[in-house]
Amino acid sequence: MSFTQIKHPLIIDKLTRMRRIETSSKDFRENLNEIAQLMVYEIFRDVPLEAVEIETPVQKTVGYTINQPIVLVPILRAGIGMLDGIQTMIPTARIAHIGLYRDEETLEIHQYFAKTTKDIAESYTIIVDPMLATGGSAIKAIDIAKGWGAKNIKFVCLVSVPEGVAKLQKAHPDVEIYSASMDEKLNERGYIVPGLGDAGDRIFGTK
Ligand code: PRP
Ligand code: URA
């Protein structure tokens with residue numbers, strides 16, 4: 001049932017740039033990817049290492065490598081905005097996709113796409129979406145990933161609120177949650193306050 005807020009001045013500064021209403025889509029995307037890249041350092045702190053015999057130009061020695069397959073699962077659309085940053089650090093990760101959208105009136109979650117990778121059951125699975133609001137999308141995505149056989153799952157977001165985190169922890173107590181910010185609350189339309197608006201629209205310039 002763990003929740004980790006990844007706090008760092010670089011992340012806080014970039015997130016503040018993203019929150020500003022006047023920030024362009026280009027700057028929004030760049031800052032999102034940079035924050036995702038910085039978060040990787042903390043998220044993978046406990047990834048298992050395997051001892052390997054290697055030879056340096058000087059002598060034989062033992063080194064340590066990450067040998068477990070890693071699967072990144074962006075929740076479409078906005079999760080795509082964090083992918084490049086994470087892949088920069090873990091270029092061997094495979095990508096599974098889950099397409100979900102929230103009905104703007106009822107906040108009900110609708111699924112429109114899901115494609116897994118072949119080795120997800122043995123993988124370290126990282127589900128990414130910048131926004132954890134009511135928690136409905138995160139819960140649905142984790143349900144789908146568990147249905148694929150994923151066991152070792154982490155959920156990574158940029159901005160969360162206490163009610164969404166509590167709902168997610170109740171539904172999936174085994175999943176570790178990482179967030180760059182715990183904001184104040186949800187408003188009557190299910191938007192995070194102060195938040196940053198609609199992440200998908202800001203990433204893709206659709207509004
Ligand atoms: C946004 C966001 C999350 C979801 C969070 O997606 O990217 O997926 O809302 O809200 P929740 O915690 O209340 O479920 P949206 O449904 O707007 O779709 P989009 O990414 O295509 O814009
Ligand atoms: N989804 C978003 O993109 N923003 C919010 O504030 C809440 C859900």
Side-chain angles (χ1 to χ4, degrees), residues 1 3 5 14-33 35-36 39 72-86 95-115 125-147 150 153-173 175-207:
M1 270 246 276
F3 172 85
Q5 187 176 348
K14 290 176 193 301
L15 179 54
T16 300
R17 290 166 197 264
M18 293 179 67
R19 290 187 194 275
R20 288 178 188 270
I21 192 169
E22 68 271 22
T23 297
S24 68
S25 263
K26 177 177 180 286
D27 288 346
F28 191 92
R29 282 195 302 275
E30 282 174 6
N31 281 289
L32 178 57
N33 270 310
I35 293 174
M39 290 176 80
L72 307 178
V73 189
I75 302 179
L76 311 180
R77 292 177 299 168
I80 291 282
M82 300 176 77
L83 209 52
D84 274 358
I86 302 178
I95 316 296
H97 295 82
I98 296 175
L100 304 176
Y101 72 89
R102 274 194 335 174
D103 181 292
E104 291 197 1
E105 302 300 323
T106 64
L107 303 183
E108 213 177 298
I109 310 303
H110 297 273
Q111 178 186 336
Y112 58 89
F113 190 74
K115 183 148 180 80
T125 301
I126 314 289
I127 301 181
V128 295
D129 189 327
M131 311 307 278
L132 175 55
T134 65
S137 302
I139 291 169
K140 178 75 180 165
I142 296 166
D143 288 343
I144 295 168
K146 286 185 175 174
I153 303 175
K154 297 185 186 224
F155 181 82
V156 178
C157 61
L158 182 70
V159 182
S160 51
V161 279
E163 46 268 65
V165 171
K167 199 168 148 195
L168 177 52
Q169 286 179 323
K170 188 156 181 249
H172 292 292
V175 172
E176 291 176 35
I177 306 167
Y178 294 83
S179 177
S181 175
M182 181 71 100
D183 276 18
E184 210 183 306
K185 60 178 182 184
L186 292 177
N187 69 14
E188 63 291 345
R189 293 177 51 228
Y191 274 81
I192 295 177
V193 178
L196 43 72
D198 186 306
D201 284 340
R202 298 200 64 185
I203 291 166
F204 297 108
T206 37
K207 258 190 195 147

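We count ligands from 1, going down the list as the structure has it; atoms in each ligand are counted the same way. The residues of the chain are indexed from 1 along the displayed sequence. Computed from a prediction, not measured in an experiment: that's the story for all the values here.
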Colleague: Counting C-beta onward and ignoring hydrogens, is there a side-chain heavy-atom pair between D201 and F28 closer than 4.5 Å?
Modeller: no
Colleague: Provide, to 0.1 Å, the distance between atom 6 (O) of ligand 2 and the closest protein heavy atom, together with that atom's residue and name.
Modeller: I192 N, 2.8 Å
Colleague: Consider every N or O of D129 and every N or O of ligand 1, then say whether any pair is closer than 3.5 Å.
Modeller: yes
Colleague: Hey, are the side chains of R202 and P130 touching, using non-hydrogen atoms and a 4.5 Å cut-off?
Modeller: no
Colleague: Could you check atom 14 (O) of ligand 1 against the protein and tell me its nearest heavy-atom contact, residue, atom and distance included?
Modeller: S137 OG, 2.6 Å
Colleague: Below 4.0 Å, non-hydrogen atoms only: which portion of A199 touches ligand 2? Side chain, backbone, both or neither.
Modeller: both
Colleague: Within less than 4.0 angstrom of ligand 2, does S137 place any heavy atom?
Modeller: no
Colleague: Does an N or O anywhere in M131 fall below 3.5 Å from an N or O of ligand 1?
Modeller: no
Colleague: Between E30 and K26, is there a salt bridge with N-O shorter than 4.0 Å?
Modeller: yes
Colleague: Does R77 count as lying over the ring of Y112, i.e. NZ or CZ under 6.0 Å from the six-ring centre, within 45 degrees of the axis?
Modeller: no
Colleague: Which atoms from ligand 2 have a heavy atom of R102 less than 4.0 Å away?
Modeller: 7 (C), 8 (C)
Colleague: What I'd like to find out is whether the side chain of L32 reaches to under 4.5 Å of the side chain of M18, using heavy atoms alone.
Modeller: yes
Colleague: Which residue and atom name correspond to the protein heavy atom nearest atom 19 (P) of ligand 1, and how close is it?
Modeller: R77 NE, 3.6 Å
Colleague: Nearest to atom 18 (O) of ligand 1, what protein heavy atom do you find, and at what distance?
Modeller: L100 O, 4.0 Å
Colleague: Which residue supplies the protein heavy atom nearest to atom 11 (P) of ligand 1, what is that atom called, and how far is it?
Modeller: T134 OG1, 3.4 Å
Colleague: With a 4.0 Å heavy-atom cut-off (strictly under), which part of I109 contacts ligand 1: side chain, backbone, both or neither?
Modeller: side chain
Colleague: Could you check whether atom 1 (C) of ligand 1 has a protein contact, counting only heavy atoms that fall below 4.0 angstrom?
Modeller: no
Colleague: Under 4.0 Å, counting heavy atoms only: does G164 come that close to any atom of ligand 1?
Modeller: no
Colleague: Under 4.0 Å from any heavy atom of G197, which atoms of ligand 2 are there?
Modeller: 2 (C), 3 (O), 4 (N), 5 (C), 6 (O)
Colleague: Kindly say whether M182 contributes a backbone atom to a donor-acceptor pair with the side chain of S179 at under 3.5 angstrom?
Modeller: no
Colleague: For atom 20 (O) of ligand 1, which of the options S160, A78, P130, G79 provides the nearest non-hydrogen atom?
Modeller: A78
Colleague: Check whether any side-chain heavy atom of I127 sits under 4.5 Å from a side-chain heavy atom of I153, and report yes or no.
Modeller: yes
Colleague: Determine the minimum heavy-atom distance between I109 and S137, stating which atoms define it.
Modeller: CD1-OG, 3.5 Å
Colleague: Which ligand 1 atoms are under 4.0 Å away from a heavy-atom of G200?
Modeller: 22 (O)
Colleague: For ligand 1, which is the ligand I care about here, please tell me if D201 has any N or O atom under 3.5 Å from one of the ligand's N or O atoms.
Modeller: no
Colleague: Enumerate the atoms of ligand 2 whose separation from the nearest heavy atom of G190 is less than 4.0 angstrom.
Modeller: 7 (C)
Colleague: Using a strict 4.0 Å cut-off to heavy atoms of G136, name the atoms of ligand 1 that fall inside it.
Modeller: 12 (O), 14 (O)
Colleague: If you compare all heavy atoms of G195 against all heavy atoms of R19, which two are closest, and at what distance to 0.1 Å?
Modeller: O-NH1, 3.0 Å
Colleague: Considering only protein heavy atoms, determine whether one is less than 4.0 Å from atom 6 (O) of ligand 1.
Modeller: no
Colleague: Would you mind checking which non-hydrogen protein atom is closest to atom 15 (P) of ligand 1, with the distance to 0.1 Å?
Modeller: R102 N, 4.2 Å
Colleague: State whether the side chain of S160 and the backbone N or O of D183 hold a donor-acceptor pair below 3.5 Å, judged by distance alone.
Modeller: no
Colleague: Please report the shortest heavy-atom distance between I203 and S25, naming the atom on each side.
Modeller: O-OG, 3.9 Å
Colleague: Is it the case that ligand 1 has an N or O less than 3.5 angstrom from some N or O of Y101?
Modeller: no
Colleague: Quick check: closest heavy atoms across L132 and I192, and the distance to 0.1 Å?
Modeller: O-CD1, 3.5 Å
Colleague: Using a strict 4.0 Å cut-off to heavy atoms of D198, name the atoms of ligand 1 that fall inside it.
Modeller: 17 (O), 22 (O)
Colleague: Indicate the atoms forming the closest heavy-atom contact of L186 with E163, along with that distance.
Modeller: N-OE2, 3.2 Å
Colleague: Give the numbers and elements of all ligand 2 atoms closer than 4.0 Å to a heavy atom of A133.
Modeller: 7 (C), 8 (C)
Colleague: Is there any N or O on M131 that sits under 3.5 Å from an N or O of ligand 2?
Modeller: no
Colleague: Does K185 reach the side chain of P162, with side-chain heavy atoms less than 4.5 Å apart?
Modeller: no
